A.B. asks: 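Handing you this structure, nothing more for now.
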Amino acid sequence: MNSAQIEIQLIASLVAIACAIPGTFLVLRKMAMISDAISHAILPGLVVGFFITQDLNSPLLILLAAVTGLITVVMVEQIQKTGLVKEDTAIGLVFPALFSIGVILIAKNANDVHLDVDAVLLGELAFAPFDRLIISGTDVGPKSLWVIGTILTITVGLLIAFFKELKVSTFDAGLSASLGFSPVIIHYGLMSVASVTTVGAFDAVGAILVVALMIAPAATAYLLTTNLMKMLLLSILFGVFSAIAGYWMAHALDASIAGSITTMLGLLFLMVYLFAPSKGVIAVLYKEKQQRIEVSLITFLLHLKNHSEKRERHVNHLREHINWQKVRAKTVLELALKNNMIVIDKNIVSLTEKGDEFTSQAIDYIITNEDAQIEDMKDDFFLFRG
Amino acid sequence: MNLNEYFSLVFSDYTLRTITLGTAILGAVCGMLGSFAVLRKQSLLGDAISHAALPGIAIAFLITGAKDTNTLLLGALVSGLIGTFWIKGITSKTHLKSDTALGLILSLFFGFGMLLLTFIQKQPNANQAGLDKYLFGQAATLVESDVWLMASVTGLCLFVILLFWKEFKMLLFDPDYTKTLGFNTRIIDILITSFIVLAIVLGLQTVGVVLMSAMLLAPAAAARQWTNSLSTMVILASIIGALSGVFGTAISASQNNLSTGPVIVLVASVFVLFSFIFSPSRGLLFRQWRFIKNRRDLEQHKTLAFMYHIAKTHDNISHPHTIKILNNFQGFTRGTLQKLVKKNYVELEGNMWSLTDEGFKTASNLYNQQSNE
Amino acid sequence: MAQNIAVKVDDLTVAYNYKPVLWDIDLEIPEGVLMAIVGPNGAGKSTLIKAILGILPPIAGSVTIYGKPYKKQRSLVAYVPQKGSVDWDFPTTALDVVMMGTYGSLGWIKRPRQKEKKAALEALEKVGMLAFKSRQISQLSGGQQQRIFLARALVQNASIYFMDEPFQGVDATTEIAIINILKELRKAGKTVIVVHHDLQTVPEYFDWVTFLNVKKIATGPVKDIFNDDNLTKTYGINYKVSIQE
């Protein structure tokens with residue numbers, strides 16, 4: 001590994017961390033598509049900034065582009081406020097328009113602007129090590145490393161300082177307002193951080209990858225934990241892992257680094273989406289099957305409790321009257337027997353004492369809306385699960 | 001070539017005619033289906049689908065090695081549909097919200113597509129030159145067979161919409177109710193979604209992956225402002241879409257170095273902006289104007305009511321009073337007084353005003369109405 | 001009672017994400033009653049209607065309308081959804097919405113013609129909304145929107161009407177107009193089932209009532225079963241309504 005390779009991986013990792021932090025909150029606040037809008041809409045700001053500064057890493061350019069990002073957010077909100085179109089349409093109208101302006105500005109000034117559209121979409125991570133920051137004659141490293149490092153430091157500082165406020169306002173805006181944290185300030189604070197991060201990362205990884213780096217690690221982490229702190233750490237971990245693994249994949253295939261990192265993020269998400277212990281698709285499907293049988297069982301027990309007449313409690317009634325198609329009545333009957341909930345006497349089913357107690361408790365919990373308790377109860381009563 | 005030349009050549013020049021016809025048809029079909037997408041609150045689904053189509057194009061190229069548009073679009077269609085179903089899978093099987101699912105599929109598929117594209121570009125045998133036109137669209141690459149394809153899909157789409165108009169409309173407005181009437185809502189739903197995906201794929205060559213969603217949304221959003229009828233909205237959206245396509249192509253063809261996609265999107269955005277501001281019933285300008293007018297009416301009413309209270313205390317309602325006593329009342333201005341005079345509610349004589357019979361009647365009605373509410 | 005049974009629900013169980021929300025409901029609704037379904041929030045009142053109408057799939061149980069499965073008797077049933085369930089900014093007019101009531105009998109593809117339009121206009125007149133027929137639906141007040149929904153169900157010319165909170169967010173005039181129409185329907189021998197929130201008005205408006213809280217608590221004539229005992233069972237400890245007044 002030569003020093004350029006190390007520097008590229010370092011930049012990619014820092015970008016991943018800087019994106020994962022605001023990304024986690026965007027995903028939790030159901031604002032993921034706003035990051036897509038910002039990443040596209042900052043383009044005109046970037047181009048105009050470049051006309052003025054002639055330097056993609058100039059702080060002024062970053063500020064200018066970030067302001068465009070904020071303007072986008074405000075524009076979307078203003079259009080929503082008019083009620084002329086629905087919320088998602090407002091997003092869908094604003095960012096393509098701004099992005100188009102950016103693309104046209106680049107095309108019209110192609111000779112003066114050292115920017116091309118491919119770079120806009122994909123960034124030029126491979127070239128990042130060649131643009132060095134020289135302070136009084138000493139080479140202190142690639143410029144983009146300093147840019148993203150500064151942004152990351154600020155983001156982490158803000159995160160530590162306002163963690164409590166962010167947490168409360170993300171999960172309960174009403175409570176946060178009553179505690180005196182203005183949800184508006186936190187909202188625009190988060191939007192500013194997202195904009196600045198997007199601009200800082202844009203140069204290195206391009207418009208679309210910024211979105212992927214913000215949303216994908218957070219969404220992947222979301223499927224693994226419900227704890228905010230853990231979700232943040234996992235997002236950072238996934239981001240950094242994909243950045244480094246993606247770099248080597250690009251190296252092997254001789255293809256775009258940004259595209260490879262995104263592909264790694266995608267593979268990671270796919271794995272977690274399928275195999276996550278409790279929220280993954282396979283676990284969910286298994287749980288659904290189990291729940292289906294268990295709900296049917298509870299339904300069945302309740303039916304027995306409600307009806308004393310023999311006709312209603314005959315084994316065949318299960319098939320004829322209750323009209324079950326989705327779950328075979330036999331499975332349910334067997335499960336109930338295995339758990340000692342019922343006894344069958346001459347094809348007439350009756351609740352045992354245990355079954356009776358279980359059913360009464362289940363009804364109580366459901367009527368008082370404490371359904372979560374039923375799961376605990378199942379653990380207490382069931383010898384075998386569905 | 002400048003704009004004038006373009007329009008003078010458009011009917012005689014074969015290439016120009018093909019391109020213009022293509023973008024017009026594309027705009028029309030997008031406007032038509034976009035109306036449904038907007039009303040279903042699926043505006044951003046189009047964005048995700050179009051980005052998700054990119055890896056399909058690349059894979060179709062890798063497999064067949066051909067640049068044949070239809071093959072590539074078939075790949076785009078398949079991967080667009082996979083993306084759509086995965087979005088549905090994510091939102092139904094996990095607790096991730098729909099916006100996260102959209103953003104995920106959009107960025108991940110696109111990133112993967114870009115990986116493949118850059119990989120293809122590095123291949124020695126790559127006659128890849130055509131593939132990156134799918135990013136921002138290049139209307140100039142449209143040939144007659146492409147236009148035929150667009151026209152036949154549009155025709156099919158129009159036929160289906162006309163056939164199932166009643167069902168589409170009802171599903172868009174009230175899906176639950178539609179179910180109770182015995183219609184299979186899933187079939188209608190699949191029909192609409194497939195046509196939206198088809199329209200997006202059709203537009204990739206002209207407008208490109210990145211901006212295709214705007215082509216779907218903008219004409220519909222603009223059309224919605226001018227009408228309160230679904231059929232008019234669909235027709236208007238088609239017209240606006242077609243115009244955006246034609247003007248966008250004209251502008252981009254008359255300049256060097258301009259992809260069609262961004263220009264068409266900008267033209268469509270101008271239509272939206274114009275509609276937002278100048279639409280007579282919903283537009284912001286008229287809304288503001290009505291707001292000011294209402295406020296003026298209110299001030300006038302307040303003045304009249306105030307006069308009424310004074311006049312009520314006298315036997316003769318037309319007993320004159322000095323204008324000065326009106327100054328105690330805040331809503332009063334010279335202007336409102338003049339307006340009341342013009343309406344014959346009030347008579348002025350020097351510094352004195354008096355209520356007319358008509359004015360008295362109007363004021364008392366005003367008062368009754370308010371106390372009734 | 002020697003009345004026909006209009007709706008019969010057997011052992012109906014419904015679950016959202018495998019969390020049961022309605023459990024083992026047995027219900028017989030006689031023909032010609034005006035019935036309220038009451039119960040606390042989250043008791044499954046709307047769910048019951050939606051499950052009967054096949055909008056939500058039940059886990060177990062069956063529904064019969066006049067002795068035959070619901071699917072075969074769809075044309076006998078009309079539905080008034082909650083007002084908040086649709087987007088009122090949708091580009092369509094009051095008459096258009098009411099016309100949708102005729103789509104069920106038309107079936108796939110066939111277009112509504114003069115006959116359907118006439119029926120829709122009559123229904124609009126019945127709810128006192130004829131003057132608003134060309135209005136865009138967002139320009140109607142909450143009460144007027146509710147009346148449009150009612151008119152749409154009237155056009156279906158059904159025998160049984162299911163209504164989900166038709167009195168929610170409407171003005172007093174509309175409330176009276178609606179209840180008068182419902183009473184007229186009953187007089188014509190129709191069966192009307194209403195999810196209802198306001199316990200105070202139950203004895204005045206309805207003659208039949210079902211108490212629901214995940215399970216069915218009680219069902220029967222208002223004069224027999226609308227009492228503190230059942231209210232307490234449905235709403236929790238010591239729930240009392242001053243129905244004596």
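By convention in this document, chain letters (A, B, ...) are assigned in the order of the sequence lines, proteins followed by strands, and residues within each chain are numbered from 1. Computed from a prediction, not measured in an experiment: that's the story for all the values here.
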A.B. asks: Checking heavy atoms, do the side chain of A/D36, its backbone, both or neither come under 4.5 Å from chain B?
C.D. replies: side chain
A.B. asks: Given heavy-atom pairs under 4.5 angstrom as the criterion, report whether the side chain, backbone, both or neither of A/L253 touches chain B.
C.D. replies: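 Both parts, heavy atoms under 4.5 Å.
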A.B. asks: Using non-hydrogen atoms only, which part of B/S269 is less than 4.5 Å away from chain A: side chain, backbone, both, or neither?
C.D. replies: side chain
A.B. asks: Does any non-hydrogen side-chain atom of A/L267 lie less than 4.5 Å from one of B/F112?
C.D. replies: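 No; the side chains remain at least 4.5 Å from each other.
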A.B. asks: Restricting to non-hydrogen atoms, name the atom on B/L115 and the atom on A/S260 that form the minimum distance, rounded to 0.1 Å.
C.D. replies: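 Reported closest heavy-atom pair: CD1-OG, 3.0 Å.
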A.B. asks: Pick one of side chain, backbone, both or neither for B/V270, based on which atoms fall under 4.5 Å of a heavy atom in chain A.
C.D. replies: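 The answer is neither part of B/V270.
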A.B. asks: Checking A/K279 against B/K93 for the side-chain contact (heavy atoms from CB on, under 4.5 Å) test, could you report, in this order, the C-alpha distance in whole Å, the side-chain angles of both residues, the deciding distance, and whether it holds?
C.D. replies: CA-CA 8 Å; A/K279 293 189 200 165; B/K93 290 291 172 218; over 6 Å; no
A.B. asks: How long is the span from the CZ atom in B/F276 to the CD1 atom in A/I79, to the nearest 0.5 Å?
C.D. replies: 5.5 Å
A.B. asks: Between B/L273, B/L135, B/L96, who has the most heavy-atom pairs with chain A when the cutoff is under 4.5 Å?
C.D. replies: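 Heavy-atom pairs under 4.5 Å are most numerous for B/L96.
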A.B. asks: At a heavy-atom separation under 4.5 Å, does A/V27 approach chain B through its side chain, its backbone, both, or neither?
C.D. replies: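 The answer is both parts of A/V27.
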A.B. asks: Provide the closest heavy-atom pair for A/A107 versus B/L258 in the form atom of the first, atom of the second, distance.
C.D. replies: CB-CD2, 3.7 Å
A.B. asks: At a heavy-atom separation under 4.5 Å, does A/A216 approach chain B through its side chain, its backbone, both, or neither?
C.D. replies: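 Contact with chain B: backbone and side chain both.
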A.B. asks: Looking only at heavy atoms, which two atoms of B/V265 and A/A97 are closest? And how far apart?
C.D. replies: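 Heavy atoms only, the tightest pair is CG1-N, 4.2 Å.
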A.B. asks: Using every non-hydrogen atom in the two residues, find where A/T89 and B/S43 come nearest and quote the distance to one decimal.
C.D. replies: OG1-OG, 2.7 Å
A.B. asks: Identify whether the distance between the nearest side-chain nitrogen and carboxylate oxygen of A/K30 and B/D99 falls below 4.0 Å.
C.D. replies: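 No, A/K30 and B/D99 are not salt-bridged.
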A.B. asks: Is any side-chain heavy atom of A/K86 closer than 4.5 Å to a side-chain heavy atom of B/L39?
C.D. replies: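 Of all side-chain heavy-atom pairs linking B/L39 with A/K86, none is under 4.5 Å.
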A.B. asks: Name the option with the most non-hydrogen atom pairs under 4.5 Å to chain A; the candidates are B/S259, B/A221, B/G283, B/P55.
C.D. replies: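 Highest number of pairs under 4.5 Å: B/A221.
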A.B. asks: Measure A/V284 against the heavy atoms of chain B and call it side chain, backbone, both or neither at under 4.5 Å.
C.D. replies: side chain
A.B. asks: Which one, A/A90, A/G206, A/A258, A/A212, leads in non-hydrogen pairs under 4.5 Å with chain B?
C.D. replies: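 Top option by heavy-atom pairs under 4.5 Å: A/A212.
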A.B. asks: Please determine whether the number of non-hydrogen atoms from other residues, nucleotides or ligands lying under 6.0 Å from atom CZ of B/F286 exceeds 12.
C.D. replies: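 It does: B/F286 CZ has more than 12 such atoms within range.
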A.B. asks: Let's go through A/Y273 and B/T94 carefully: what are the C-alpha distance in whole Å and the side-chain angles of both, what is the deciding distance for side-chain contact (heavy atoms from CB on, under 4.5 Å) to 0.1 Å, and is it a yes or a no?
C.D. replies: CA-CA 8 Å; A/Y273 172 72; B/T94 73; 3.9 Å; yes
A.B. asks: Side-chain contact, heavy-atom cut-off 4.5 Å: A/T82 with B/R287?
C.D. replies: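 A/T82 reaches B/R287 side chain to side chain.
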A.B. asks: Say you draw a straight line from CD1 of A/I91 to CG of B/L44; how long is it, rounded to the nearest 0.5 Å?
C.D. replies: 5.5 Å
A.B. asks: Name the member of A/L213, A/V211, A/I104 that forms the most heavy-atom pairs with chain B at distances under 4.5 Å.
C.D. replies: A/I104
A.B. asks: Out of A/D254, A/L223, A/V85, which one racks up the most heavy-atom pairs below 4.5 Å with chain B?
C.D. replies: A/D254
A.B. asks: Hey, which of A/V281, A/L270, A/I34 has the most heavy atom pairs under 4.5 Å with chain B?
C.D. replies: A/L270
A.B. asks: At a heavy-atom separation under 4.5 Å, does B/H95 approach chain A through its side chain, its backbone, both, or neither?
C.D. replies: both
A.B. asks: By a 4.5 Å heavy-atom criterion (distance strictly below it), what part of B/I90 contacts chain A: side chain, backbone, both, or neither?
C.D. replies: both
A.B. asks: Kindly indicate whether the side chain of B/D47, heavy atoms from C-beta on, has any atom under 4.5 Å from the side chain of A/F95.
C.D. replies: yes
A.B. asks: For a quick test of reading the model, state the closest non-hydrogen atom pair linking A/I215 to B/G103 and the distance between them.
C.D. replies: CD1-CA, 3.7 Å
A.B. asks: So which part of B/L284 gets closer than 4.5 Å to some heavy atom of chain A, the side chain, the backbone, both or neither?
C.D. replies: side chain
A.B. asks: Rounded at 0.5 Å granularity, tell me how far CE in B/M114 sits from CD1 in A/I257.
C.D. replies: 13.5 Å
A.B. asks: Among A/S39, A/A250, A/A32, A/G102, which has the most heavy-atom pairs under 4.5 Å with chain B?
C.D. replies: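 Among the listed options, the one with the most contacts to chain B is A/A32.
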A.B. asks: With the side chain counted from C-beta on, respond yes when B/K41 and A/D88 share a heavy-atom pair under 4.5 Å apart, and no when they do not.
C.D. replies: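 Yes; the side chains approach each other to less than 4.5 Å.
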A.B. asks: May I ask you to check whether over 12 heavy atoms, not counting those of A/F171, lie within 6.0 Å of atom CZ?
C.D. replies: yes
A.B. asks: Got B/L108 and A/L265 here, is their nearest side-chain heavy-atom distance under 4.5 Å?
C.D. replies: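 B/L108 reaches A/L265 side chain to side chain.
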A.B. asks: Counting N and O atoms only, with roles assigned by atom type, does the side chain of B/R224 sit under 3.5 Å from a partner on the main chain of A/L84, one being a donor and the other an acceptor?
C.D. replies: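 No, B/R224 side chain to A/L84 backbone: no donor-acceptor pair under 3.5 Å.
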A.B. asks: Can you find a heavy atom in the side chain of A/F269 that is under 4.5 Å from one in the side chain of B/L104?
C.D. replies: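 In short, these two side chains touch, coming nearer than 4.5 Å.
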A.B. asks: Do A/Y222 and B/K97 touch side chain to side chain, with heavy atoms closer than 4.5 Å?
C.D. replies: yes
A.B. asks: Checking B/F136 against chain A: side chain, backbone, both or neither under 4.5 Å from a heavy atom?
C.D. replies: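 For B/F136, the contact with chain A is made by the side chain alone.
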A.B. asks: Counting only heavy atoms closer than 4.5 Å, note whether A/M264 contacts chain B via side chain, backbone, both or neither.
C.D. replies: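 A/M264 has no heavy atom closer than 4.5 Å to chain B.
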A.B. asks: Step by step, would you call B/T118 with A/S256 a side-chain hydrogen bond (donor to acceptor under 3.5 Å, both in side chains)?
C.D. replies: CA-CA 6 Å; B/T118 48; A/S256 143; 4.5 Å; no
A.B. asks: Determine the minimum heavy-atom distance between A/P96 and B/A214, stating which atoms define it.
C.D. replies: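 In terms of heavy atoms, the two residues are closest at CB-CB, 3.4 Å.
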